[in-house]
A.B. asks: 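Structure in structure tokens, see below.
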Amino acid sequence: MPEMTTKDHDKDLTSLRERMRHSASHVMADAVLQMFPEAKLAIGPSTEDGFYYDFQVSHPFTPEDLETIEARMRNTIARGLPFLREEIDREEAHRMFSQQPFKLEIIDELPPGEAITIYRHGDFVDLCRGPHVDSTGQIGACKLLSIAGAYWRGDESRSMLQRIYGTAFESQEALEEHLKRLEEAQRRDHRKLGREMELFIFDPIAPASPFFLPKGAVIYNLLIEYVRGLYQRYGYQEVITPQVYSTELWKRSGHYDNYIENMFLVHIEEREYGVKPMNCPGHALMYASRMRSYRDLPIRYADFGRLHRYERSGVTHGLTRVRTFSQDDAHIFCTPDQVHQEVENFIEMLLESYRLFQFPDVRVALSLRPEKRVGDDAMWDRAEASLEEVLRAVGLPFDLKPGEGAFYGPKIDFFVPDALGREWQLGTVQLDFALPERFDLEYIAEDGSQQRPVMVHRAMLGAIERFMGILIEHYGGAFPVWIAPVQAVVIPIADRHLEYARLVEKRLKERGIRVEVDGRSERMNLKIRQAQLQKVPFMLVVGDKEAASETLAVRLRSGQDLGPRPLSEALALIQDAIDSRA
RNA sequence: GCCAGCGUAGCUCAGUGGUAGAGCAGCGGUUUCGUAAACCGCGGGUCAAGGGUUCGAAUCCCCUCGCUGGCUCCA
């Protein structure tokens, strides 16, 4: 027998948990049926770190119900009932699930000839492909977590079911560890940190619209400044465009037909205007403002313009889904031949920035032609192939998402998870064949003919707001020094050290370091504690010794005490940390 | 938009039909201190908004707004 490797062990554990959780969902459905015999069962799979089951019941589940269900589940688990697999034929399946319309729907969609399997434990039976653990006794420690609504088949036009989420682990310790991780993640929640660190606020007077406080604005502007630096190297030109356009523009761009319910409209002097949800039509106008030669291409217009989108109530979320934001948006106008190189250059720039921020779990998706689309198949073939080639050329693993592309072209999206593992789209690069058509964009080719350029929409960080939200959670508020809103706090021990503290402040400010002096008549311990909570990278303590010797006692937010350092050395230390962007 | 939950002081929260509370923060004072919370005192509320039930509502009901967790959506 070969020795079992860690990898095998992980795989076994994953498979055990999957079977256990799937089994737990059956046990939960059993408990729900005991309490509500008229409940209709939908589906109950295992998930990344738990399971759920969807039910249709007229009685809305309450938190108390959850406790009762959990108690019944524990009872079933304690009884150690075996899971029994059976194969049945279609007719029998119909009979068996005659009271379960959702199950009937699933049965009818199974390809003919495929075996129909059911799993039993005790008196409960469910249509199910399996696999399960051998007996309910093997389920381990489980806990129900929340109640949510979910559409049958994920279809908004069909009934809303009640979903119960839960999780199960092989041991009580593993379960508790998981719950602790969740709590830990909640401490990193950017909404909580944003308030505590005075980065931004929200006010119901402008729902889903952040107000960036001075410290938040520092980070916001530094991100933009960073992107500007990249643009300089990668050949982008920044432009500034209007905020509000007559709806004639949105009719021409197609937004009026496809996006109007997400737009803020204003009526002035009997004319209708739309606040821009995107920059692209404005850039198309600039492109079209003069004759273009193939020699001018590619043209790369970058725009940090503020966008407004009326996101449906219920979908907004802290900084990560807002109604007003700006993106590191740019549009590249190029010849079809240049598309590959442009997309590749963009991905290179994007990966450079993601490396800087040390995102460990970037997921890449290539979205292909949707059913409703513009352009002929040959064009889509070329466009999709071109994006796929680039991904292979740069060696990025990616998921294919058929049907998920924009109506105007295929796209590559970059997703990064928040503290709780929810994925958010940050970067995107989209090919667009529709807008150049609608705006009649042209360039004169080498042979003198008029040609249609391709438009590439692309954003690297995506919405700065969303990016900041992810960044806050990623670092738990302890930003790298170059981006920390306050890089150093000078902490005088007693009032008599204030004068020297001010001198230190002056020296740091001369270097452009973002420094504050905590000059309150408070104890040093309190000042250190508060600087720690604010995650300030450098705490510079000054007392009698330091004032006398022109030194600083340097403390890091890790808790490490570097002891007294000459002023010049401390300055160099901070400067290095900033310059390295680490 | 849909399902469910929540909304009490700046923040975190207690208060389930009978006079609105605590801690932190804030303000005033005392303390001048060596690496994560000194001490004493004082203010602070349209209990989200509106309507209803009741002798009486933070508490029960209706409606609106906002937030949270999901679902759908993310052009």
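Quick note on labels: first sequence line is chain A, next is B, and so on, each numbered from 1.
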A.B. asks: Does Y151(A) have any ring pair (Phe, Tyr, Trp, His ring centres under 6.0 Å) partners at least two apart in sequence or in another chain, and if so, which?
C.D. replies: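 Partners of Y151(A) under the ring pair (Phe, Tyr, Trp, His ring centres under 6.0 Å) test: none.
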A.B. asks: So, is the end of the R323(A) side chain (NZ or CZ) under 6.0 Å from the ring centre of Y310(A) and within 45° of the ring's axis?
C.D. replies: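 Checked: cation-pi criterion met.
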A.B. asks: With a 4.0 Å cutoff (strictly under), does any side-chain N or O of Y259(A) reach OP1 or OP2 of rC73(B)?
C.D. replies: no
A.B. asks: Of P277(A) and Q532(A), whose nearest nucleotide on RNA chain B comes first from the 5' end?
C.D. replies: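 Between the two, 5'-proximity favours Q532(A).
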A.B. asks: Answer with base, sugar-phosphate or nothing: what part of the nucleic acid does N262(A) contact at a heavy-atom distance below 4.0 Å?
C.D. replies: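 No contact at all - N262(A) keeps every heavy atom at 4.0 Å or more from the nucleic acid.
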A.B. asks: R323(A) near the nucleic acid: base, sugar-phosphate alone, or nothing, with a heavy-atom cut-off under 4.0 Å?
C.D. replies: nothing
A.B. asks: Under 4.0 Å between any heavy atoms, over every strand shown, what does A531(A) touch: base, sugar-phosphate, or nothing? Just pick one.
C.D. replies: nothing
A.B. asks: Distance between the C1' atoms of rC60(B) and rC74(B), in whole angstroms?
C.D. replies: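 Nearest-Å result for rC60(B) against rC74(B) at atom C1': 40 Å.
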A.B. asks: Whole angstroms only, please: what is the OH-P distance between Y500(A) and rG34(B)?
C.D. replies: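 That distance rounds to 19 Å.
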A.B. asks: When all nucleic acid strands are considered with a 4.0 Å heavy-atom cut-off, which category describes H497(A): base, sugar-phosphate, or nothing?
C.D. replies: nothing
A.B. asks: Can you check whether I491(A)'s main-chain N or O pairs, donor with acceptor, with D518(A)'s side chain at less than 3.5 Å?
C.D. replies: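 No: the side chain of D518(A) does not pair with the backbone of I491(A).
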A.B. asks: For F200(A), check ring pair (Phe, Tyr, Trp, His ring centres under 6.0 Å) against everything at least two apart and list the hits.
C.D. replies: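 So F200(A) forms a ring pair (Phe, Tyr, Trp, His ring centres under 6.0 Å) with F202(A).
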A.B. asks: List the steps, then state whether side chain to side chain donor-acceptor pair (under 3.5 Å) holds for Y165(A) with R163(A).
C.D. replies: CA-CA 6 Å; Y165(A) 281 98; R163(A) 173 173 297 178; 3.0 Å; yes
A.B. asks: Does R252(A) have any side-chain contact (heavy atoms from CB on, under 4.5 Å) partners at least two apart in sequence or in another chain, and if so, which?
C.D. replies: F439(A), D440(A)
A.B. asks: rC74(B) P sits how many Å from M263(A) CE, rounded?
C.D. replies: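 Roughly 17 Å, once rounded to whole Å.
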A.B. asks: Using a heavy-atom cut-off of 4.0 Å across all strands, would you classify K545(A) as base, sugar-phosphate, or nothing?
C.D. replies: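 Base, at least one base atom sits under 4.0 Å.
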A.B. asks: Which residue pairs satisfy the ring-ring contact (aromatic ring centres under 6.0 Å, His included) criterion with at least one member in residues 461-480 of chain A, sequence neighbours excluded?
C.D. replies: F357(A)-F467(A), F359(A)-F467(A), F359(A)-H474(A)
A.B. asks: Using whole Å, what does the distance between atom P of nucleotide rC71(B) and atom CD of E311(A) come to?
C.D. replies: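 Between P of rC71(B) and CD of E311(A): 16 Å.
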A.B. asks: Which residues satisfy the side-chain contact (heavy atoms from CB on, under 4.5 Å) test with Q532(A), sequence neighbours excluded?
C.D. replies: I528(A), M539(A), R555(A), R557(A)
A.B. asks: Which class fits the ring pair H190(A) and H317(A): parallel under 30°, tilted 30 to 60°, perpendicular over 60°?
C.D. replies: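 Plane angle between 30° and 60°, so tilted.
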A.B. asks: If only side-chain N and O atoms of R557(A) are considered, is one of them under 4.0 Å from the OP1 or OP2 phosphate oxygen of rA36(B)?
C.D. replies: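 So the side-chain polar atoms of R557(A) never come under 4.0 Å of the phosphate oxygens OP1 or OP2 of rA36(B).
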A.B. asks: Work out how far the C1' atom of rU19(B) is from that of rA57(B), and round it to whole angstrom.
C.D. replies: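 14 Å, rounded to whole Å.
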A.B. asks: Set out, line by line, the N/O atom pairs under 3.5 Å between protein and nucleotides 10-13 of chain B.
C.D. replies:
from: rU12(B); atom 1: OP1; to: R195(A); atom 2: NH2; distance (Å): 3.0

A.B. asks: What N/O pairs connect the protein and nucleotides 1-4 of chain B at under 3.5 Å? Give each pair on its own line.
C.D. replies:
from: rG1(B); atom 1: OP2; to: S313(A); atom 2: OG; distance (Å): 2.7
from: rG1(B); atom 1: O5'; to: S313(A); atom 2: OG; distance (Å): 3.3
from: rG1(B); atom 1: N7; to: S313(A); atom 2: O; distance (Å): 2.2
from: rG1(B); atom 1: O6; to: G314(A); atom 2: O; distance (Å): 3.4
from: rG1(B); atom 1: N2; to: Y151(A); atom 2: OH; distance (Å): 2.4
from: rC2(B); atom 1: O4'; to: Y151(A); atom 2: OH; distance (Å): 3.4
from: rC3(B); atom 1: O2; to: G149(A); atom 2: N; distance (Å): 3.2

A.B. asks: Nearest whole angstrom, please: distance from the C1' of rG70(B) to the CG of L182(A).
C.D. replies: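 The distance from CG of L182(A) to C1' of rG70(B) comes to 15 Å, rounded to the nearest Å.
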A.B. asks: What contact category does E546(A) fall into here, base, sugar-phosphate, or nothing, at under 4.0 angstrom with non-hydrogen atoms?
C.D. replies: base
A.B. asks: Less than 4.0 angstrom between a side-chain N/O of R153(A) and OP1 or OP2 of rU72(B), yes or no?
C.D. replies: no
A.B. asks: With C1' as the reference atom in both, quote the distance from rG15(B) to rU59(B) in angstrom, rounded to an integer.
C.D. replies: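 9 Å, rounded to whole Å.
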A.B. asks: Set out, line by line, the N/O atom pairs under 3.5 Å between protein and nucleotides 29-33 of chain B.
C.D. replies:
from: rU32(B); atom 1: O2; to: D495(A); atom 2: N; distance (Å): 3.0
from: rU32(B); atom 1: N3; to: D495(A); atom 2: OD1; distance (Å): 3.3
from: rU32(B); atom 1: N3; to: D495(A); atom 2: OD2; distance (Å): 2.7
from: rU32(B); atom 1: O4; to: D495(A); atom 2: OD2; distance (Å): 2.7
from: rU32(B); atom 1: O4; to: S521(A); atom 2: OG; distance (Å): 3.3
from: rC33(B); atom 1: OP2; to: R496(A); atom 2: NH1; distance (Å): 3.2
from: rC33(B); atom 1: OP2; to: R496(A); atom 2: NH2; distance (Å): 3.0

A.B. asks: Near RNA chain B, counting only heavy atoms under 4.0 Å, which residues of residues 533-543 of chain A show up?
C.D. replies: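 Output list: L533(A), V541(A), G543(A).
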A.B. asks: Examine W424(A) together with F415(A) and report whether their ring centres are nearer than 6.0 Å.
C.D. replies: no
A.B. asks: How many whole angstroms separate atom CZ of F202(A) from atom P of rC65(B)?
C.D. replies: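 One finds 19 Å between P of rC65(B) and CZ of F202(A), rounded.
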A.B. asks: Taking atom types as they are modelled, would you say the side chain of R321(A) forms a donor-acceptor pair with the base of rC73(B) within the 3.5 Å cutoff?
C.D. replies: yes
A.B. asks: In terms of the nearest nucleotide of RNA chain B, which residue is placed more toward the 5' end: G405(A) or G154(A)?
C.D. replies: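 Counting from the 5' end, the first nearest nucleotide belongs to G154(A).
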A.B. asks: For rG23(B), give its Watson-Crick or G-U wobble partner with both distances under 3.5 Å, or none.
C.D. replies: rC11(B)
A.B. asks: Indicate, with a heavy-atom threshold strictly under 4.0 Å, whether G462(A) touches base, sugar-phosphate, or nothing.
C.D. replies: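 Here G462(A) touches no strand at all.
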A.B. asks: Just by modelled atom types, is the Y287(A) backbone N or O under 3.5 Å from a matching donor or acceptor in the Y301(A) side chain?
C.D. replies: no
A.B. asks: Side chains of T551(A) and L567(A): does their closest heavy-atom pair fall under 4.5 Å?
C.D. replies: no
A.B. asks: Between V416(A) and D361(A), is there a side-chain heavy-atom distance shorter than 4.5 Å?
C.D. replies: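 No, their side chains stay 4.5 Å or more apart.
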A.B. asks: Does F407(A) have any side-chain contact (heavy atoms from CB on, under 4.5 Å) partners at least two apart in sequence or in another chain, and if so, which?
C.D. replies: N258(A), V374(A)
A.B. asks: Find the partner of rG66(B): check Watson-Crick (N1-N3 plus N6-O4 or O6-N4) and G-U wobble (N1-O2, O6-N3) distances, both under 3.5 Å, and reply none if neither fits.
C.D. replies: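 rC6(B) is the nucleotide pairing with rG66(B).
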A.B. asks: Between P on rA38(B) and CD1 on I528(A), what's the gap in Å once rounded to a whole number?
C.D. replies: 11 Å
A.B. asks: Could you give the CZ-to-P distance, from R520(A) to rG28(B), as a whole number of Å?
C.D. replies: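 Going from R520(A) (CZ) to rG28(B) (P), I get 13 Å.
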A.B. asks: Would one find a side-chain N or O of R529(A) under 4.0 angstrom from OP1 or OP2 of rA38(B)?
C.D. replies: no
A.B. asks: Grab the CG-P distance between D49(A) and rG69(B) for me, whole Å please.
C.D. replies: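 Computing the D49(A):CG to rG69(B):P distance gives 16 Å.
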A.B. asks: Could you work out, with ring pair (Phe, Tyr, Trp, His ring centres under 6.0 Å) as the rule, every residue matching F61(A), not counting sequence neighbours?
C.D. replies: F36(A), F55(A)
A.B. asks: Show me the donor-acceptor pairs, under 3.5 Å and distance only, between side chains in residues 38-49 of chain A and residues at least two apart or in other chains.
C.D. replies:
from: K40(A); atom 1: NZ; to: Q99(A); atom 2: O; distance (Å): 3.2
from: T47(A); atom 1: OG1; to: G50(A); atom 2: N; distance (Å): 3.2
from: T47(A); atom 1: OG1; to: G50(A); atom 2: O; distance (Å): 3.2

A.B. asks: How would you label the contact of K411(A) with the nucleic acid (heavy atoms, under 4.0 Å): base, sugar-phosphate, or nothing?
C.D. replies: sugar-phosphate
